[in-house]
Protein chains: 2
Amino acid sequence: MMKLNQSLLCPKFEKAMQILSKRWTGLIIYQLLSGPQRFCAIESALPISGRLLSERLKDLEQEGIVNRQIYPEVPVRIEYSLTKKGLALEPMLREIEKWSQTWVQIEEGL
Amino acid sequence: MMKLNQSLLCPKFEKAMQILSKRWTGLIIYQLLSGPQRFCAIESALPISGRLLSERLKDLEQEGIVNRQIYPEVPVRIEYSLTKKGLALEPMLREIEKWSQTWVQIEEGL
DNA sequence: TTAGTTAATTACATTTCGTAAGTTAGTATA
DNA sequence: TATACTAACTTACGAAATGTAATTAACTAA
């Protein structure tokens, strides 16, 4: 039988979750909380590949969460930063930070 | 050249993001904030398929975020609920809720 | 000329996801 | 007795997302 999708879920909340639950999105925004930075800086701060970082930054720019600023120097410098919309995610990320310190266990050694 | 992964990322935070940025994880926990409920209730509240819901609930149980309670009635009733660790995620989800109301636009029509 | 840089893009194999159908165990209906 | 229905899964399989590595463009430096 077909599933009629009559979820009572708020569309704005659903959209937010769609963006934020994509792999790497949260970590990229978290990284940018420490200030505007270049592609290679984000790449070396996170265990993400260039291919996906490029893709995610494009998505986040589309969503108005990240700003891409080109400085036409030699060689060209491109800096990524958070927009107001992106900065507004800081409280959420701080909550995850708090939760992780209290509840997440890391198993050491082997 | 090989990428040496010397990320200064806190392992607990990274682990938290790994769990929470999996597709559907956040929405399932959000749904369970409204109280213990059965598989089919979650399934019809969210646009998720049975296959993935089953998989995610198993993951979340493993992580100690969700509890699976069997009531040996006829027919058997199985209820999923949040553990303390899971309930502790409420503030984070409320922040996403707030953010989505302020910043997310939904385009209507076509 | 060769090598190195940044910010990507492309190719390709692996993993995850979505859709649909099937399973198990029991109840209800004709 | 046969058929249909329910809950909670599981299986099969094609499609989409991801990870790894190589390549590109435009420029500098040795």
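Below, chains carry the letters A, B, ... as their sequence lines are ordered, and counting in each starts from 1.
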Please state whether the phosphate of C:dT9, meaning OP1 or OP2, lies under 4.0 angstrom from any side-chain nitrogen or oxygen of A:Ser54.
yes
For a quick test of reading the model: is some side-chain N or O of A:Arg56 closer than 4.0 Å to OP1 or OP2 of D:dT18?
yes
Report the distance from atom CG of B:Leu53 to atom C1' of C:dT19, rounded to the nearest whole Å.
15 Å
Spacing of B:Ile42 atom CD1 relative to D:dA8 atom C1', expressed in whole Å
11 Å
Nearest-nucleotide 5' precedence on DNA chain C, A:Phe39 against B:Glu55
A:Phe39
Count I, L, V, M, F, W, Y as connected when their side-chain heavy atoms are under 4.5 Å apart, and connections chain through other members. Are B:Ile70 and B:Tyr80 then in the same cluster?
yes
How many Å lie between NZ on A:Lys58 and P on C:dA7, as a whole number?
14 Å
Using whole Å, what does the distance between atom P of nucleotide C:dA7 and atom CD of A:Glu61 come to?
14 Å
What is the distance, rounded to the nearest whole Å, between atom CG of B:Leu52 and atom C1' of C:dA20?
13 Å
Using the rule that Ile, Leu, Val, Met, Phe, Trp and Tyr join whenever any side-chain heavy atoms are under 4.5 Å apart, tell me whether B:Ile106 and B:Leu27 fall into a single cluster.
yes
Interatomic distance, B:Arg77 CZ vs C:dG26 P [rounded to whole Å]
18 Å
When you compare the side chains of A:Gln31 and A:Gln37, does any donor N or O come within less than 3.5 Å of an acceptor on the partner?
yes
Separation of C:dT16 atom C1' from B:Ile48 atom CD1, nearest Å, is 13 Å
One thing to verify: whether B:Glu63 and B:Lys22 come together as a salt bridge, which I'm taking to mean a side-chain N less than 4.0 angstrom from a carboxylate O.
no
Is B:Glu55 salt-bridged to B:Lys58, going by a charged N under 4.0 Å from an acidic O?
no
side-chain N/O B:Arg38 vs D:dA8 OP1/OP2, d < 4.0 Å
yes
Tell me whether the side-chain N/O atoms of B:Lys22 come closer than 4.0 Å to OP1 or OP2 in D:dT18.
no
Contact under 4.0 Å: A:Trp24 side-chain N or O vs D:dA17 OP1/OP2
no
Give A:Arg23 one of three labels, base, sugar-phosphate or nothing, depending on what nucleic acid heavy atoms sit under 4.0 Å from its own.
sugar-phosphate
Which whole-number value in Å describes the distance from B:Arg51 CZ to D:dA12 C1'?
10 Å
Which of C:dG18, D:dC9, D:dG19 is nearest the side chain of B:Tyr80? It is D:dC9
